[in-house]
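See structure below.
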Protein chains: 2
Amino acid sequence: MTHSPGQVGAPRAEAQRRREPAGVTLRHVAAAAGVSVATASRAFSRPEKFDPSTRARILRLADELRYVPHRAAQALITGRTMSLGLVVPDLTNPFFPGVIKGAQARARERGLSLLIADTDEDPGAELALVGQLAQRTDAVVLCSSRMPDDDLDRAARLCPVVLVNREHPGVPAVTFDSDAGVREAAVHLRALGHRRVGYVGGPAHSFSDAARAAGLHAEFPAHGLEVVLLGNHDPSFEGGRRAADVVLSSDVTAVMVHNDVMALGLVGRLLDYGLDIPRELSVIGWDDIEFAGMFTPGLTTVRMPREDAGRAAVGYLEAALGGRTSEPPRLETHLVFRQTTARAHERRPG
Amino acid sequence: MTHSPGQVGAPRAEAQRRREPAGVTLRHVAAAAGVSVATASRAFSRPEKFDPSTRARILRLADELRYVPHRAAQALITGRTMSLGLVVPDLTNPFFPGVIKGAQARARERGLSLLIADTDEDPGAELALVGQLAQRTDAVVLCSSRMPDDDLDRAARLCPVVLVNREHPGVPAVTFDSDAGVREAAVHLRALGHRRVGYVGGPAHSFSDAARAAGLHAEFPAHGLEVVLLGNHDPSFEGGRRAADVVLSSDVTAVMVHNDVMALGLVGRLLDYGLDIPRELSVIGWDDIEFAGMFTPGLTTVRMPREDAGRAAVGYLEAALGGRTSEPPRLETHLVFRQTTARAHERRPG
DNA sequence: CGACCTTGTGCACACGATTGCATGCCGGGT
DNA sequence: ACCCGGCATGCAATCGTGTGCACAAGGTCG
């Protein structure tokens, strides 16, 4: 209104004041096609009810001009950033890159991007982090969070949230169904003649540790196996090594371990002690990280389909943002047989 | 102009048409403070030349109202998204989470976010990926890219780019200086009595493989060591295992391996063969991934400070975007001594 | 005492895309 | 011949923030 409106040509010169090459905008393609910006926009968003030839021409021109929509502008007007956040406690824990990979693949298929945040194992920082992410993303997936319950409530109010490997009332969650895996482990150990099986636990207040222990207590007795709790330990290689003494001084012939990294630490230390694994002690881990099969002896373990979990989590959020309601899945786990389990034998007294 | 302009109160009702709770905007805090939106905005961006009391009042109110700036709106007007992209070939390769972690930490300190993209080991897809990232980020770091040279040129024209662990004329790069690490390895092996040392290579056209081989050729002869090339192999555990036969049928007493994962595969297979490591063969890996110290025997290896690399890469980009020019660093590597190296012995003929 | 500078603040436009409403055109029915 | 409906398209407002320029108030100096 203030300036001659007929000129639909190049963006006005003064726009170049600050700002790099500027890129081609909808205005350019509209001008090139001899239509208004509105029409150009609709050529993308409203394929239906549109003159096919006009539409085709616009799209072709957009392509030739290498037009790419400006995400920030879209985000501003639509209120959707088209990106998701993903929070993990520790990237160097081999469990998480798997779920990230899955999440990322699904996100890419859908034209979404993924912001990864690592909390450095600090549950207290997670809420703040979700707050930051909420500004830049439409929703976030919280992975194996050890966030306190009320922080979790607050986070869920901040923006749409989906949990992975944790449950909390009122918050959707992609979970792992330990049952099948644990049952297979029970059958396996029982068949090998074991009767008393230890459980080397992870962090005391971790949700997944509680879930795993519960699975054991639910399934093992039904198969004639006694479960012996062997304490809570740091979920690290060192934590596994340190658990060796407890295991050694118990009278179990087999142990389940909270995760693979710990299990590998435990096995390593026990081998150092001169123990013959699996002859004197069978060990079963949890997760099936890549390295589980690379160690000697290869670790028997309960596989968690973590890429599937990542995919499912973003799939759920994408549906939820689109207004479609869906139920996040509960994923099956299974036992992977390798070399750390064998027939039960008496162990010579420690 | 079309509607009564006096009303500076809440955003106009019709704005609520579509759009969730809407959040509090600069307009809210401006209204609360009794100033214009422009002043409120400047309270943040122009601390200097500002009436201190007004500024303090505005900031306090902003805080009370829980105002958080709308990133998309800022991005639209400033042309800066305040986020960076990071492209890696494979997240599940333990090398990369390390650099991501470093990058992420530095980015967070600076209020930047990081978009991670995994190319699934497909160098052909990388350029397209950078294109996508360029829309949503201000710059991208390309990590150990195997992208062809001209793709790399194109990518660098798309948006500011920094390379990690790769070099290319005209593109800034955070690199690893193999020299110190390789020299230490040479001294170490020589002291242990080795004379002929094999090199188990990675992918044929990989930049880092060329760099590593070059380092060997530059340093080893100077220390009286002969280098024997033992071919190119897949940079995976399996690749390392498959290299075992070549190693066994050569007459070297020690090998350097392109990376730790391969080295671990190689060692595992050789142990399967009944070889006594390190007595019959010394093995040195490259990277110092977490698991290198967890295997038995612990892998002697050349450490790459990968978190530092991540930090340096985003540090460089941040400076570059801020107009400050800097030189991306060349990071020192060092040998980490563990159990796969020992005095040279004749090996009984294969 | 007036001209000029400094300092603090507001007006208005811009960024690039989306979208409700209006408009113009064309054809068919009464 | 006129009106109405459908269809394709344009107008203009809008999202939330940043910033050049104008302008007012107060102070200083000649």
Side-chain angles (χ1 to χ4, degrees), chain A residues 1-3 5-6 8 10-20 22-31 33-55 57-58 62 67-82 135, chain B residues 1-3 5-6 8 11-31 33-55 57-58 62 67-82 135:
Chain A
M1 203 173 277
T2 66
H3 43 261
V8 232
R12 322 221 278 312
E14 74 227 45
Q16 309 293 8
R17 225 175 329 163
R18 62 182 176 284
R19 189 72 104 272
E20 54 265 35
V24 354
T25 77
L26 252 195
R27 182 150 50 213
H28 292 99
V29 349
V35 299
S36 76
V37 187
T39 304
S41 170
R42 273 188 280 256
F44 292 95
S45 46
R46 295 289 152 79
E48 77 279 1
K49 49 173 62 177
F50 214 95
D51 182 47
S53 74
T54 316
R55 180 171 135 81
R57 182 164 46 91
I58 297 178
Y67 165 74
V68 328
H70 192 296
R71 320 294 307 214
Q74 289 182 314
L76 181 56
I77 187 73
T78 63
R80 294 269 317 257
T81 62
M82 299 304 273
Q135 299 171 36
Chain B
M1 203 173 278
T2 67
H3 42 263
V8 232
R12 321 218 279 310
E14 74 228 44
Q16 309 293 5
R17 225 176 329 163
R18 64 183 175 285
R19 189 73 104 274
E20 55 264 31
V24 355
T25 75
L26 253 195
R27 180 148 55 209
H28 291 99
V29 350
V35 299
S36 76
V37 186
T39 304
S41 170
R42 276 187 279 255
F44 292 95
S45 46
R46 296 287 151 81
E48 76 281 1
K49 50 173 63 176
F50 214 94
D51 182 45
S53 74
T54 317
R55 179 172 136 80
R57 182 164 45 90
I58 296 178
Y67 164 73
V68 330
H70 192 296
R71 320 293 307 216
Q74 289 182 315
L76 179 55
I77 188 73
T78 61
R80 294 271 314 258
T81 63
M82 300 302 273
Q135 300 170 35

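Protein chains get the first letters and strands the later ones, always in sequence-line order, with residue 1 at the start of each.
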Should B/His70 and A/Leu76 count as side-chain neighbours, where that means a heavy-atom distance under 4.5 Å? yes
A/Arg57: partners by salt bridge (charged side-chain N to carboxylate O under 4.0 Å, His left out), with sequence neighbours left out: none
If the cut-off is 4.0 Å, is B/Gln74 near the phosphate of D/dG18, judged by side-chain N/O to OP1 or OP2? yes
Output the rounded distance in Å from CD1 (B/Ile77) to C1' (C/dA12). 12 Å
If you take all heavy atoms of B/Pro69 and A/Gln135, which pair is closest and at what distance? O-OE1, 4.2 Å
Axis bend over the full length of the helix from C/dC1-D/dG30 to C/dT30-D/dA1, computed from five pairs that close each end, to 10 degrees: 70°
Between CZ of B/Arg57 and C1' of C/dG8 the distance, given in whole Å, is 12 Å
Separation of A/Met82 atom CE from C/dA17 atom P, in whole Å? 15 Å
Rounded to whole angstrom units, what separation is found between the NE2 atom of A/His70 and the C1' atom of D/dT17? 13 Å
Classify the side chain of A/Arg42 versus the base of C/dG20 as yes if they form a donor-acceptor pair under 3.5 Å and no if they do not. yes
Nearest heavy-atom pair of B/Leu26 and B/Phe44: which atoms, and what distance? CD2-CE1, 4.1 Å
Side-chain contact check for B/Leu76: nearest option of D/dG18, C/dC15, D/dT17 is C/dC15
List in chain and number order the residues that pass side-chain hydrogen bond (donor to acceptor under 3.5 Å, both in side chains) with A/Ser41, two or more places apart in sequence or in another chain; answer none if no residue qualifies. none
Integer-rounded Å distance: D/dC7 P and A/Arg55 CZ: 17 Å
Check every atom of D/dT17, D/dT9, C/dG16 against the side chain of A/Ala73 and return the nucleotide holding the closest atom. C/dG16
Classify B/Ser45 by what it touches in the nucleic acid, base, sugar-phosphate, or nothing, heavy-atom distance under 4.0 Å. nothing
Closest approach to the side chain of A/Thr25, judged atom by atom: which nucleotide of C/dG16, D/dT19, C/dT9 is it? C/dG16
Given D/dT14, C/dG10, D/dG10, identify the nucleotide with an atom nearest to the side chain of A/Ala38. D/dG10
Result for 5'-nearest mapping on DNA chain D, choosing between A/Thr39 and B/Thr39, is A/Thr39
Output the rounded distance in Å from CZ (B/Arg80) to P (C/dC15). 19 Å
Are any of A/Tyr67's side-chain N or O atoms less than 4.0 Å away from OP1 or OP2 of C/dA17? yes
Would you say B/Thr54 places a side-chain N or O within less than 4.0 Å of OP1 or OP2 belonging to C/dT9? yes
Using heavy atoms to find the nearest nucleotide of DNA chain C for A/Ala72 and B/Gly34 separately, return the residue whose nucleotide is more 5′. B/Gly34
Should A/Ser41 be listed as having a side-chain N or O under 4.0 Å from OP1 or OP2 of C/dT18? yes
Rounding to a whole Å, what distance do you find between A/Leu26:CG and C/dT18:C1'? 9 Å
Within residues 67-77 of chain B or reaching into it, pairs that qualify as salt bridge (charged side-chain N to carboxylate O under 4.0 Å, His left out) - sequence neighbours excluded: none
Grab the CZ-P distance between B/Arg46 and D/dT17 for me, whole Å please. 17 Å
side-chain contact (heavy atoms from CB on, under 4.5 Å) with A/Ala30: which residues, sequence neighbours excluded? A/Val35, A/Val37, A/Ala40
So, using side-chain hydrogen bond (donor to acceptor under 3.5 Å, both in side chains) as the criterion, who are the partners of B/Ser53 when residues are at least two apart? B/Asp51
With a non-hydrogen cut-off below 4.0 angstrom, is A/Phe44 in contact with a base, only sugar-phosphate, or nothing? nothing
For A/Ser36 and D/dG10, is the shortest distance between a side-chain N/O and OP1 or OP2 below 4.0 Å? yes
